[in-house]
Amino acid sequence: MIDLSKIQKALHLDELEKIRVELLGKNGVITKEFKRMKEIPNEQKKEFAKNLNELKNKAMELIAQKKSQLEEQALEEQLQAEKIDVSLYSNRSEIGALHPVQMTMDKIIDFFVKLNFSVETGPLIEDDFHNFEALNLPKYHPARDMQDTFYMNDGMLLRTHTSPVQIRTMKKQKPPIRMISPGAVFRRDYDLTHTPMFHQVEGLVVEDKDKVSFANLKFMLESFLVEMFGDVKVRFRPSFFPFTEPSAEADISCIFCKGEGCRVCSHTGWLEVLGCGIVDPNVFKAVGYENVSGYAFGLGVERFAMLMYGINDLRSMYEGDLRLMEQFK
Ligand code: DAH
């Protein structure tokens with residue numbers, strides 16, 4: 001007798017397939033029975049064929065049934081195995097890190113706060129008076145071209161530097177003043193070392209007349225630059241800013257080649273890092289100060305960060321690429 005009961009007992013699809021071949025394959029037991037037909041006496045042939053066809057149909061039906069049952073079971077097993085419990089806790093909590101610009105800014109602020117400077121802020125959207133006019137940059141003054149400005153329709157503008165916070169602080173307070181002002185500034189610029197938004201730190205010291213000299217400014221900035229960049233030489237070069245007179249730019253000896261000359265310092269051995277000077281009398285006049293003296297300075301935070309962390313494309317700092325950012329953990 002041909003036993004169909006093992007179809008029911010198949011546990012897996014491949015086992016069922018094996019059983020199907022055993023029964024109905026080219027050499028299967030049922031197939032073989034059909035080949036036996038010619039040995040059957042004529043009068044029994046009809047009965048034999050009928051029974052055999054019934055058996056074959058029964059086997060096919062049982063296999064199909066079992067197959068769909070096993071397929072359903074396999075799907076169910078797969079779903080169970082791949083199930084994700086979204087309510088489970090993950091113990092892999094990533095610890096974030098500060099952005100290199102923020103770290104640099106914090107370091108700068110720390111230095112000046114220890115020297116008793118206050119930290120002042122001002123609006124990002126400025127008017128012409130605070131951003132230019134009061135800083136001795138009258139309309140049509142050619143030095144306005146030093147800063148490619150974003151203007152709004154109503155005549156307001158995105159501040160091009162943090163210097164306007166000098167003006168706001170002097171109008172709000174009375175001397176003596178020792179302040180820095182960190183924050184975002186905006187200019188129409190975009191290349192390896194410029195982004196349309198970047199950060200500056202402005203500094204201002206105002207004291208009684210004749211109390212503040214260029215020597216004070218020089219000593220303070222030298223200490224600051226050594227604190228930031230380590231063992232560097234500092235030099236001051238005469239320069240021009242409308243809001244200071246005399247004005248200077250401060251350079252540090254190149255931190256990459258130690259002053260020997262390399263690509264980063266354009267083979268000069270020096271890196272320009274900030275602008276500074278003695279506050280121009282016209283600036284004091286604009287805020288109604290008399291009989292005072294002061295110095296000021298301004299620096300780009302991204303430039304400091306690029307030098308401190310060896311980043312060569314400023315734009316990469318604002319692409320949010322975690323592969324870069326994770327290096328600062
Ligand atoms: N405001 C200048 C700039 O954005 C930087 C600067 C230079 C600020 C000299 C100062 C200064 O206060 O004295 O390029």
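Read the numbers this way: they start at 1 and go in the same order the structure lists the ligands and their atoms.
Distances below 4.0 Å separate heavy atoms of Gln166 from the following atoms of ligand 1: 12 (O). Residue Gly277 has at least one heavy-atom neighbour below 4.0 Å for each of these atoms of ligand 1: 13 (O). Taking a cut-off of under 4.0 Å to the non-hydrogen atoms of Cys276, the atoms of ligand 1 that pass are 9 (C), 11 (C), 13 (O). Taking every non-hydrogen atom of Ser163 and a distance limit under 4.0 Å, the qualifying atoms of ligand 1 come out as 1 (N), 8 (C). Close approach to Phe241 involves these atoms of ligand 1, each under 4.0 Å from a residue heavy atom: 7 (C), 9 (C).
Ligand 1 has an N or O atom lying under 3.5 Å from an N or O atom of Ala296, backbone or side chain. Some N or O of Arg187 is nearer than 3.5 Å to an N or O of ligand 1, by distance alone.
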What verdict does the side chain to side chain donor-acceptor pair (under 3.5 Å) test give for Asn57 and Glu61, after you've listed the backbone C-alpha separation in whole Å, the side-chain angles of each residue and the deciding distance to 0.1 Å? CA-CA 6 Å; Asn57 290 340; Glu61 190 191 322; over 6 Å; no
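Taking the centre of each ring, Phe111 and Phe117 stay at or above the 6.0 Å mark. You'll find the ring centres of Phe297 and Phe112 inside the 6.0 Å limit.
The side chain of Phe243, and not its backbone, has at least one atom closer than 4.0 Å to an atom of ligand 1 (non-hydrogen atoms only; side chain from C-beta on).
Judged purely by distance below 3.5 Å, without hydrogens or angles, the side chains of Tyr318 and Glu302 pair a donor atom with an acceptor atom.
The pair Glu120-Lys172 counts as a salt bridge, with a side-chain nitrogen and a carboxylate oxygen less than 4.0 angstrom apart.
Of the candidates Glu202, Gln200, Glu249, Arg159, Glu202 brings a heavy atom nearest to atom 10 (C) of ligand 1.
Classification of the Phe236-Phe214 ring pair by plane angle, with boundaries at 30° and 60°, yields perpendicular. Between Tyr309 and Phe328, the ring-plane angle classifies as perpendicular under the 30° and 60° cut-offs.
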